[in-house]
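Residues: numbered from 1 along the sequence shown. The model shown is predicted, which means the values in this text are computed figures rather than measured ones.
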Amino acid sequence: MLNDAVAPEIVPAAGSDKDAPLKEDIRLLGRLLGDVLREQEGDAVFNVVETIRQTSVRFRREADADAALELDAMLKELSREQTISVVRAFSYFSHLANIAEDQHHIRRRRAHLLAGSPAQKGSVSFALKKLRMAGVPRKTVDTFFQDALIAPVLTAHPTEVQRKSILDAEHDIARLLAERDLPQTPKERQANMQLLRSRVATLWQTRMLRYSKLTVADEIENALSYYRITFLRELPGLYDDIEEDIAAEYPNGDGTIEPINAAYVQMGSWIGGDRDGNPNVNAGTMQHALARHATTILDFYLDEVHALGAELSVSTLMVGVSAELQALADQSPDASPHRSDEPYRRALIGIYARLAATARALGATNILRKEVGAAAAYPDAAAFVADLRTIVASLESHHGAALVRPRLATLARAADIFGFHLASLDMRQTSDVHERVLADLFAKSGVAADYTALSEEDKQALLLNELAQPRLLYSPYIAYATETDSELAILRTARDIRQRYGARAIRNYIISHTETVSDLLEVLLLQKETGLLRTDWKAGGDGDGDSTCELMVIPLFETIPDLQRAAGIMSQVMALPLVKQLIAKQGQLQEVMLGYSDSNKDGGFLTSNWELYKAELALVSDFQKAGVKLRLFHGRGGTVGRGGGPSYEAILAQPPGTVNGQIRLTEQGEIIASKFSNAEIGRRNLELLVAATLEASLAPQEANPARNSQLAQFEAVMAELSDLAYHAYRHLVYETPGFTEYFFSATPIAEIAELNLGSRPASRKANQRIEDLRAIPWGFSWGQCRLLLPGWFGFGSAIEAWINQADGAAKDDKIATLRAMHAEWPFFATLLSNMDMVLAKTDLAIASRYAELVADQDLRERIYKRITDEHGNTLRCLELITGNTERLAGNPLLARSIQNRFAYLDPLNHLQVELIKRNRALSSASKVDERVHRGIQLSINGVAAGLRNTG
C-alpha cells in the first residue's frame, strides 16, 4: 500500500492518460506515508501493514478460505500497539486518497475549461444555454435570480468524525499537491516535497480522535472553518461568474454585464439552534452561535477593508471623486495630512472604524488591528453596503472601473450575501416539547387543566382562541417547569438576536414530528407569548387584528404516515384566517420540510422515496389551490438511504412544480467536508445547486397528453412496487424476531454510540429499540459493516413479486414497463442510479465477518441469509431493468475509485471486527482496555473516510 512496488494494487487503473496524474499523486502520498510509518514505527510495523493488505486483497479477489483463516490469525496476534499503528496507517491512507481524488477532479475540470470545451452539464452556462434554446427569454431568467432562494444549510450530527486539526492538515496537503501541477524549478520541487513530507508527518503525529465529548461550541467552530476556506470568497465569486454567463448567453448589445442585485444563494445553519433531541442547545448556544458568526464575517470585512485601503491610493491631484465619496471621506476619523488628497483611503479608514465598533457591539472581543479613531457602529449591514456602493459609484464615474474588481466588488457582494449574521440560524424543536410547555402555561393560567388530554379539534379551538386574545398566558410571578422556562427563554433570545444582528439572523422555526394542525398553532402561540408574533388590536377590534409573525413556522414531515398526511395538514392550516394573514406577510410563501432519514428507517428505501415524491406532488397541488408559493426544505443526509447522492440529479428529479426557484437542503456530517473543504470543489458544488434549481424551475414543461398518460402509468406501477417493498422491509426490520439483537451485534452501533462525535446522543431514549434509534447512526452502522442495507433492501423483493404477478407474455410487458420507467422517468432513473452506487459499495464478504459477531448461530444464519438473498434479488432485478451487469457502468471513474478503495478499506473492516470481538469479550468480563476502544474508534473514522459518507 505504501511504496512504489505495490502501488499498482491501490491506484486507479490508468485507462487513459487522463488518469495518470491521479495515479502519480496516490503513489506519491502513499510513498510519503510509508516513509513516515517506517520512521515513526519501524520496518516491522511497515511490513505488518503490507502483509495484512496483501492477505486482505487475496481474501477479496479469490474468496480464499485459507486467506480468511490466515488473516484472522494474523489480526489476533497483533499487539495493542501494533493494532493502533496498523489502523492508523490504513485510515490515513483513506484520507490521503481522498485528497488526491479531489485534486484530480479539479485538474480535469480545468483541463476541460482550458480546452475550450462546451459547457459542462451541471454548470450554470450549460443550464442557460439549454433554457435559451428552449425559448426562455432573458427577462424570465432575470426574474428568477431576483426572486430565487437557494440555501444550503449546514448541520451537526452524531456521525461527524473529522477533527478540525485533521481538516486543517489535509487542507495544507491539498494545497501543496495542487502546486505540483504548476511549473516548478528543481529547488521549488524539492521544497514542495519537503513540505509535503512534513505535513504528512504532522498528520501522523496529530491525534485523529477526540478524547472529550464534542460540544455545540466545537461544532460551531468546525462549521465556521468552511466559511473561511470556501464560502466567504467562493460564493461572491460564483455570483460574478453567473453574471458573466448570463451576459454571454443573453448579450444585451453593448457588451456590458448587468449586476444581479439579489442574494439568491444564502447560507443556513442548524448548529446552535437545533434543539431536537439535543439537551445541550439552549438560549446561550444560540447567542454564542450568532456572536461567532458575526465575529467571523466582520473579521473578513475588516481584513478586506484594510487591504482596500492599501490598494486604493487614488489621489484627487490625479482624478476627481463624487461628492458622496468626498462626504464619506470627510466623516473619517483620519486627519493625517499625508492622506489629505487620498479620499478613498480616508473613507475606508472611516469604514474600518465603524466596522470595528460594530464588531465589538456584536460580540467580537479581539480586533487585531486597532482603528485610527472612534466612530459610530453601523446600525445594520445595509448601511455598510451603502458606503461600499458609494466607493464603487465614485470609481466607476471617474475612470476607476478597473479598480472595482476584484476586491471591492467581491466585498460588496459578500456584504449583500452574509450581512452581519453570516448564516441564518434555524431553530428546531420536537412537537412534544411544545405541547408540554403549553400544557404547563394553560394549567397555571387556569385556562385548561389538561391540555394534552384534549382532542385535536378542541386543541385547535383553544389555540385559535388564545391567539385572538390580547393578553398573555405567562406571568413572571408564577413558577413554571424548567423545560417551560428554558423554551420561553430560547424564543425571547431569538427575538433579541433578530433585533441585534438583523432579521435574516433567525427567520425559521422548524417543528419535528409534525403530525397535526395544532402542532403548528402551538408554535404560533409560543411566539405570541415571547413577542415574536404581534397583533395590532386597534386595527380590527373585537378580538380581530393585524398580525405579524417574525419566524416562519415550518412543519417537518418525517415518517411515512407523516408524509401521507402532509398535504392535508397544510391545506387545513392555510385555510385559517390568521395563517392566511401571516402567509401574506411572508410574501405569499410558505416553507415545508421533508425528512428523508426517518421515512427511510420507517419504510425502507423505495417506499421512502415514493412517499416523498407523492407528498411533494400533493403539496404542490394544494398550495396552488390556496394561491401560496411552496418552498421545500429537503432534509437530506450523507448516505443514499437518507436522501444523499448527487444534488444536481436529485433536484432535476423532483416532481414538476416543486422547485420553482425556491429550495433549501441540509448538508450533513462528512458530506460537508467532502463538498466544501476545498475551495474550488466547494464553488463547483454551489454552482451545481444553482444550475439544477435554474433548470428545474424554468425548463418548459410540454403539454403532452400521451406523456401525461405514460407518467400516470409509471406512478401507478411505482405505487404497487412501494407497497411490496414496504412490507418486505418492515417484515425484516420490525417484525422478524431477533432482528434487533442481530443489528446491535452485527454492526458497530454500540461502539459508535461511545464515540466523541456530535454533541447529541445517538438514540432518543436509553434503550435498544430501533424505533427510538436516530436514523443517522442507524445508517452509519450499516455503512461501517459494508451492507448499507437502508439504501437497497426491499427493492428486489418488490420487483420480483410484481413481475411474478403475471404469466407468459404479460411478464415481458411488465419488464418492458420497468425499462421504460428507467429510460424516461428522471425520478426512477435517479432512484436506480443512487441504489447502483450503494450496491457498488456493498460487500457481502466483509459483511459476513461482522455477522460472525452474532453469538446465536441460528439467529445469525437465519437473518444474514435473508439479507444476502435480498441482495442477490436486488442485483438481478437492477440488471434486468438497466441491462448493466457491472455496477456504475455509466460512471466508470467512480466505479474505479470505489473498487480501488477496497484494498485499504477491507483491512480496516477486518481490524474493526477483531477489535470489536476483543472489546466485547472484555466487557463481558467487566474489563476495559482503552487502547482497544481507541482502535475501534480509529477504524470507524477510517472506514467513514474511505466510503466518503456516514449516516
Side-chain angles (χ1 to χ4, degrees), residues 122 124 126-128 130-132 134-153 242 246 260 262-266 268 424 507-508 510 552-557 563 566-567 570-571 573-574 580 583-594 596 612-636 643 647-666 686-704 707-708 711 825-827 830:
V124 171
F126 178 89
L128 288 167
K130 188 174 179 180
L131 294 173
R132 182 182 58 77
V136 176
R138 166 70 183 266
K139 184 178 180 181
T140 301
V141 173
D142 289 344
T143 300
F144 167 87
F145 283 107
Q146 291 296 331
D147 296 341
L149 176 65
I150 303 161
V153 181
I242 289 172
I246 294 172
I260 302 170
Y264 51 87
V265 180
Q266 297 176 30
S424 294
R507 51 186 173 180
N508 300 310
I510 298 158
M552 183 185 290
V553 178
I554 300 169
L556 167 53
F557 299 105
L563 290 170
M570 292 310 299
S571 292
V573 169
M574 291 187 297
K580 279 185 177 181
I583 288 175
K585 295 283 184 69
Q586 294 166 185
Q588 280 303 112
L589 181 142
Q590 174 62 45
E591 184 172 300
V592 173
M593 184 173 183
L594 302 177
Y596 290 66
L612 284 158
Y613 183 93
K614 284 201 306 177
E616 291 182 39
L617 284 176
L619 285 165
V620 166
S621 175
D622 287 2
F623 270 63
Q624 287 175 345
K625 292 174 185 174
V628 177
K629 189 171 186 177
L630 170 67
R631 177 166 65 222
L632 286 174
F633 184 6
H634 299 270
R636 305 170 77 232
S647 299
Y648 177 78
E649 286 79 4
I651 293 172
L652 290 182
Q654 295 299 303
T658 57
V659 179
N660 202 22
Q662 301 284 320
I663 191 167
R664 294 209 303 151
L665 66 167
T666 53
L686 291 167
E687 183 181 11
L688 285 168
L689 293 180
V690 177
T693 307
L694 176 64
E695 194 173 333
S697 301
L698 299 188
Q701 300 292 323
E702 295 183 21
N704 186 334
R707 172 63 178 158
N708 292 341
L711 182 59
W825 191 15
F827 165 77
T830 300

Is there a donor-acceptor pair under 3.5 Å between the side chain of E616 and the backbone N or O of Q654?
-> no

Over all atoms of both residues, closest heavy-atom pair of [X] and [Y]:
| X | Y | result |
| --- | --- | --- |
| L694 | A127 | CD2-CB, 4.0 Å |
| D622 | M574 | O-CE, 4.2 Å |
| P555 | M570 | CG-SD, 3.5 Å |
| G627 | Q588 | O-NE2, 2.9 Å |
| V620 | G657 | CG2-O, 3.5 Å |
| D147 | Q662 | O-NE2, 2.8 Å |

Nearest 0.5 Å please: distance from the [atom1] atom of [X] over to the [atom2] atom of [Y].
| X | Y | atom1 | atom2 | value |
| --- | --- | --- | --- | --- |
| L149 | I663 | CG | CD1 | 10.0 Å |
| F145 | T140 | CZ | OG1 | 12.0 Å |
| L665 | I651 | CG | CD1 | 6.0 Å |
| Q624 | L630 | CD | CG | 9.5 Å |
| T658 | Y613 | OG1 | OH | 8.5 Å |
| K614 | L612 | NZ | CG | 11.0 Å |

Test item: side-chain donor near acceptor, Q146 and Y264, under 3.5 Å = no

Determine whether the side chains of N660 and S697 contain a donor N or O and an acceptor N or O closer than 3.5 Å.
-> no

Intermediate values then yes/no, side chain to side chain contact (heavy atoms under 4.5 Å, CB included), R664 and E591 = CA-CA 9 Å; R664 294 209 303 151; E591 184 172 300; 2.7 Å; yes

Identify the residue among L556, V592, N508, I510 that makes a side chain to side chain contact (heavy atoms under 4.5 Å, CB included) with F633.
-> I510

With side chains defined as the heavy atoms from C-beta onward, is the minimum distance between K130 and E695 less than 4.5 Å?
-> yes

Is the shortest heavy-atom distance from the side chain of Q590 to the side chain of M552 under 4.5 Å?
-> yes

Determine whether more than 12 heavy atoms belonging to other residues, nucleotides or ligands lie under 6.0 Å from atom NZ of K580.
-> no

Does the pair L632 and V659 meet the rule for a side chain to side chain contact (heavy atoms under 4.5 Å, CB included), with working shown?
-> CA-CA 7 Å; L632 286 174; V659 179; over 6 Å; no

Salt bridge (Lys or Arg N to Asp or Glu O under 4.0 Å) against K585, all qualifying residues, sequence neighbours excluded | D546

Would you please name every residue forming a ring pair (Phe, Tyr, Trp, His ring centres under 6.0 Å) with F126, sequence neighbours left out?
-> none

Stepwise, does the side chain to side chain contact (heavy atoms under 4.5 Å, CB included) test hold for R132 with V136?
-> CA-CA 5 Å; R132 182 182 58 77; V136 176; over 6 Å; no

Stepwise side chain to side chain contact (heavy atoms under 4.5 Å, CB included) test for V265 and L689 | CA-CA 9 Å; V265 180; L689 293 180; over 6 Å; no

